[in-house]
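Everything below concerns the one structure shown next.
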Amino acid sequence: MKNWPLFEIFIRSKSGLNHKHVGSLHAADAQMAIENARDVYTRRQEGISIWVVESKYISASDPVDSDPFFEPALDKIYRHPTFYDLPDEVKHM
Amino acid sequence: MLRIDLEGHFQEKIDREERIEAKDWMPEAYRKTLIRQISQHAHSEIVGMLPEGNWISRAPSLKRKAILLAKIQDEAGHGLYLYSACETLGIDRDELLNELHTGKAKYSSIFNYPALTWADMGAIGWLVDGAAIMNQIPLCRTSYGPYSRAMIRICKEESFHQRQGYEIMLTLSRGSTVQKNMAQDALNRWWWPSIMMFGPNDSDSTHSAQSIKWKIKRFSNDELRQRFIDMTVPQAELIGLKIPDPDLKWNEERKSYDFGKINWDEFWNVVKGNGPCNKQRLRDRVKAHEDGAWVRDAAVAYAEKKRSGRVN
Ligand SMILES: [Fe+2]
Ligand SMILES: [Fe+2]
């Protein structure tokens, strides 16, 4: 499989939902990746749409830095609705 | 000092039931253990296609043929999910296949037994897939993320494999005397190899303790084997077949079946390559790979041609 690049496969399980990463496979090109993804990942009607992207084009955050990288969100609890104390009389807000 | 911290941190994460992902730091031994286990597992899925593939053209009806084809196609998919999971650990597909084809990597020994009659398709689905499911369900919670996700997908697909096998046995056991005998004969031949699928006794299992600490494995070989036997014996009784073990007896105190001694010499002999079909399986596997070379090459040539705009 030396010359067959690796593709990451994303499937939309039904309309209205996001495409979701399901796994990867090797294929000669994108068209073949889509056809093979259909054969392995949607044999039981698990999808209505397939995206494929060559794995080498995915950039990812570094897990080693994940603590400092996501830290800025940690102390901003005022971004959540539960931060605010309102009287019980206010039912739906 | 740093190394110790990394390992401590890693173990804590596992103890908290957090999954390890491909790019996370992991001990080299964890990576190696996983590559060995996942690739063995992947190889088993695709070598496992061979004994059943042998019966596609001889299935007794169109319905059985379609079912068998669908099952075997599932096994190919399982191989793919597992090879992909294994590749996330930094080894590539060619290397994995090369290890299988040169005999360096192992696959489940059960597939080194021949499938002699149609009843074997029943026994394999019922017992071999049944034992595999028993092993695989706890692996859905294994600590390595990509492996666990592959196992969840596999377990979903496996459930029909065992049921179709048991249904074949059920149908044969309700048939003529010849058919019933055929089912019993298949059970006689597949029973012991199936319970050997769980691997050596815990006392002789080399990798178990560390794998359990790393939560790669969740239950020991003997625990899973006992569960499988307890589940399967009543299923055999239900269709009037007899488990070929004179020592098999319900133990009221343990609420489990006691069973006879497993022939571990046979097990190790097959693992070492001397089972009835080891050579044939490997030869067929290598031949399929070599015969497919021109297809792989042609696909690459066509993709290149398309990229360079010479076809559309
Ligand atoms: Fe499978
Ligand atoms: Fe299966």
Side-chain angles (χ1 to χ4, degrees), chain A residues 1-14 17-71 74, chain B residues 6 9-10 13 18-26 69-71 73-88 92-98 145-147 149-154 156-157 159-160 289 292-293 295-307 311-312:
Chain A
M1 237 121 315
K2 274 224 161 60
N3 308 312
W4 284 19
L6 190 66
F7 287 83
E8 299 299 324
I9 313 299
F10 300 82
I11 291 187
R12 185 200 294 285
S13 57
K14 55 181 181 196
L17 297 181
N18 293 330
H19 284 78
K20 201 173 146 197
H21 184 242
V22 293
S24 55
L25 53 78
H26 289 277
D29 60 18
Q31 189 54 39
M32 186 187 201
I34 290 173
E35 282 159 17
N36 288 357
R38 175 203 57 195
D39 291 345
V40 284
Y41 291 111
T42 67
R43 283 199 300 282
R44 290 174 178 79
Q45 296 170 296
E46 292 97 331
I48 56 156
S49 163
I50 299 174
W51 286 352
V52 304
V53 59
E54 249 190 82
S55 311
K56 67 177 182 197
Y57 293 123
I58 292 186
S59 309
S61 61
D62 186 345
V64 176
D65 301 331
S66 78
D67 284 352
F69 187 73
F70 293 105
E71 199 270 337
L74 196 69
Chain B
L6 283 171
H9 181 71
F10 173 81
K13 221 170 140 179
E18 269 178 52
R19 296 286 179 266
I20 306 301
E21 293 297 338
K23 297 244 161 65
D24 294 343
W25 185 89
M26 61 186 83
L69 265 171
K71 179 190 188 284
Q73 196 188 15
D74 274 355
E75 307 301 5
H78 299 173
L80 174 96
Y81 307 152
L82 290 162
Y83 281 126
S84 295
C86 199
E87 283 179 275
T88 64
D92 55 51
R93 184 80 57 94
D94 280 319
E95 217 173 322
L96 292 169
L97 289 180
N98 194 41
Y147 190 22
R149 292 190 286 274
M151 290 316 307
I152 291 170
R153 196 168 281 283
I154 288 172
K156 259 190 212 152
E157 300 185 353
S159 56
F160 106 77
H289 187 70
V295 181
R296 293 190 296 277
D297 291 344
V300 171
Y302 182 65
E304 272 165 10
K305 220 167 163 185
K306 263 203 306 194
R307 248 192 309 276
V311 285
N312 39 27

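Since the model is a prediction, treat every value here as computed from it, not as a measurement. Proteins come first, then strands; the chains are lettered A, B, ... in the order of their sequence lines, and each starts at number 1. Values reported hereafter were calculated over all heavy atoms of this structure, with side chains retained and with hydrogens, waters and symmetry mates removed.
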Checklist entry - So does A/E71 have more than 12 non-hydrogen atoms from other groups sitting under 6.0 Å from CD? => result yes
Checklist entry - Relative to chain B, which segment of A/V64 carries a heavy atom at a distance below 4.5 Å: side chain, backbone, both, or neither? => result neither
Checklist outcome for this item: Rounded to the nearest 0.5 angstrom, the CG-CD distance for A/L6 and B/E87 is 6.0 Å
Next on the checklist: For A/A28 versus B/A303, what's the shortest heavy-atom pair and its separation?
Outcome noted: O-CB, 3.5 Å
Checklist outcome for this item: Bottom line for B/R149: the part with an atom under 4.5 Å from chain A's heavy atoms is neither
Next on the checklist: Whether the side chain of B/Y83 engages the backbone of A/L25 through a donor-acceptor N/O pair (distance < 3.5 Å, no angle test) should be reported.
Outcome noted: no
Next on the checklist: Can you list everything that forms a side chain to side chain contact (heavy atoms under 4.5 Å, CB included) with B/Q73? Sequence neighbours excluded, please.
Outcome noted: A/R43
Checklist outcome for this item: Assert top hit (heavy-atom pairs under 4.5 Å, partner chain A, pool B/K23, B/R307, B/E157) equals B/E157
Next on the checklist: Determine whether a donor-acceptor pair (N or O, by modelled atom type, separation under 3.5 Å) exists between the side chain of A/S24 and the backbone of B/S84.
Outcome noted: no
Checklist entry - Got a salt bridge between B/D74 and A/R44, using NZ or NE/NH1/NH2 to carboxylate O under 4.0 Å? => result yes
Item to check | Contacts of B/V300 that satisfy side chain to side chain contact (heavy atoms under 4.5 Å, CB included) - sequence neighbours left out | outcome: A/N3, A/W4, B/E304
Checklist outcome for this item: Heavy atoms of A/V40 and B/Y81 approach each other most closely as O-OH, 2.8 Å
Checklist entry - If you count the non-hydrogen atoms of other residues, nucleotides and ligands that lie under 6.0 Å from CG in A/N18, is the total more than 12? => result no
